[in-house]
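The next block holds one structure in the form of structure tokens; read it before the comments.
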Amino acid sequence: MKKIFFILIVFITAAGVSFAQSSSGSLPDLEVIFGYEGKAYSLVLEDNETAVAIARHVGRTSWNLPIVGFKGFENSDVMHYYDIPSRYTIPSNSKTVKSEKAGEVYYSKPNRLVLFFHDAQVSGEYTKVGEFSATDDFIRAVEENPVLDGWNVMIINVER
């Protein structure tokens with residue numbers, strides 16, 4: 001059985017290292033655009049050590065995070081995986097999660113972000129790091145994120 005692989009690059013940038021006040025309290029919201037152009041969606045971060053580490057790293061440098069989003073892999077219709085380079089240390093207080101809501105973002109070892117864009121019942125060891133408002137518009141943006149001509153990749157731009 002032949003599988004098709006796509007690489008999704010996540011570009012995360014932030015100016016400076018100080019954090020702006022967010023709607024969740026002490027951590028910054030991250031703004032995400034699916035593709036090069038389009039509407040920005042706010043990722044509201046949780047108040048936990050995993051989200052703090054991610055916000056701190058994003059505040060110090062830009063990230064390019066690949067995702068292997070191969071069609072036909074188990075649960076590809078409800079979630080995407082974003083791999084964080086191993087040079088970043090992300091603490092985790094993972095728990096067994098068996099049910100996820102559309103818009104939730106989790107951290108999973110080793111250095112992986114998991115975005116659920118549909119409600120799901122996927123069992124895994126996760127730490128919740130944030131949540132998008134899962135409007136129809138948001139879900140459509142995730143599902144219709146274009147593959148870039150000549151690159152065979154999809155891009156999401158994330159910044160603080």
Side-chain angles (χ1 to χ4, degrees), residues 7-69 73-76 78-135 137-139 141-143 145 153-160:
I7 300 294
L8 172 65
I9 302 297
V10 179
F11 183 61
I12 300 181
T13 63
V17 295
S18 61
F19 297 142
Q21 187 73 11
S22 75
S23 57
S24 67
S26 61
L27 294 178
D29 290 352
L30 300 179
E31 298 299 312
V32 178
I33 298 172
F34 295 88
Y36 277 129
E37 298 176 2
K39 179 180 176 181
Y41 298 90
S42 291
L43 173 59
V44 178
L45 294 174
E46 293 287 304
D47 191 10
N48 61 42
E49 67 178 339
T50 305
V52 167
I54 290 168
R56 183 178 57 246
H57 290 310
V58 170
R60 291 184 178 150
T61 187
S62 297
W63 277 1
N64 291 308
L65 306 178
I67 180 174
V68 179
F73 80 95
E74 187 176 8
N75 301 313
S76 65
V78 297
M79 65 184 183
H80 287 165
Y81 292 106
Y82 303 82
D83 289 331
I84 300 169
S86 61
R87 70 180 173 267
Y88 295 104
T89 301
I90 309 290
S92 176
N93 186 17
S94 61
K95 298 175 184 166
T96 301
V97 177
K98 295 182 180 181
S99 180
E100 302 82 14
K101 295 191 182 297
E104 291 181 335
V105 178
Y106 292 88
Y107 175 80
S108 172
K109 290 183 181 180
N111 276 20
R112 179 172 281 170
L113 292 178
V114 182
L115 164 63
F116 286 87
F117 53 96
H118 287 291
D119 291 352
Q121 293 195 2
V122 176
S123 185
E125 295 297 313
Y126 300 130
T127 302
K128 188 173 179 185
V129 295
E131 189 168 339
F132 290 99
S133 177
T135 63
D137 189 46
F138 167 79
I139 294 168
V142 174
E143 291 178 336
N145 189 3
V153 297
M154 297 175 284
I155 298 291
I156 69 171
N157 179 279
V158 182
E159 54 186 52
R160 204 169 47 92

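Residue numbers start at 1 and run along the sequence shown.
Side-chain contact check for Thr50 and Ser92: no donor-acceptor pair (N or O, by modelled atom type) lies under 3.5 Å.
Residues Asn111 and Thr89 fail the side-chain proximity criterion, which asks for heavy atoms closer than 4.5 Å. Between Val52 and Leu27 the shortest side-chain heavy-atom distance falls below 4.5 Å. Asp29 places none of its side-chain heavy atoms less than 4.5 Å from the side chain of Leu43.
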Intermediate values then yes/no, ring pair (Phe, Tyr, Trp, His ring centres under 6.0 Å), Phe132 and Tyr41: CA-CA 7 Å; Phe132 290 99; Tyr41 298 90; 7.2 Å; no
Audit row: Asn93, Asn48, side-chain contact (heavy atoms from CB on, under 4.5 Å) steps and yes/no: CA-CA 9 Å; Asn93 186 17; Asn48 61 42; over 6 Å; no
Quick one: side chains of residues 114-126, donor-acceptor pairs under 3.5 Å with protein atoms, not counting sequence neighbours, listed by atom name and distance.
residue, atom, partner, partner atom, Å
His118, NE2, Glu143, OE2, 2.5
Asp119, OD1, Ala102, N, 2.8
Glu125, OE2, Thr96, OG1, 2.4

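Take Lys109 and apply the side chain to side chain donor-acceptor pair (under 3.5 Å) test, not counting sequence neighbours, and it matches no residue.
Here the shortest heavy-atom pairing between Pro28 and Leu45 reads O-CD1, 3.2 Å. In this structure, Gly103 and Ala134 approach most closely via the heavy-atom pair N-CB, 3.9 Å.
With rounding to the nearest 0.5 Å, the separation of NE2 in His80 from CZ in Arg112 is 13.0 Å. Separation of atoms OH (Tyr106) and OG1 (Thr127) is listed at 10.0 Å; rounding is to 0.5 Å.
A side-chain contact (heavy atoms from CB on, under 4.5 Å) with Glu104 is found for exactly one of Met79, Glu131, Glu46, namely Glu131.
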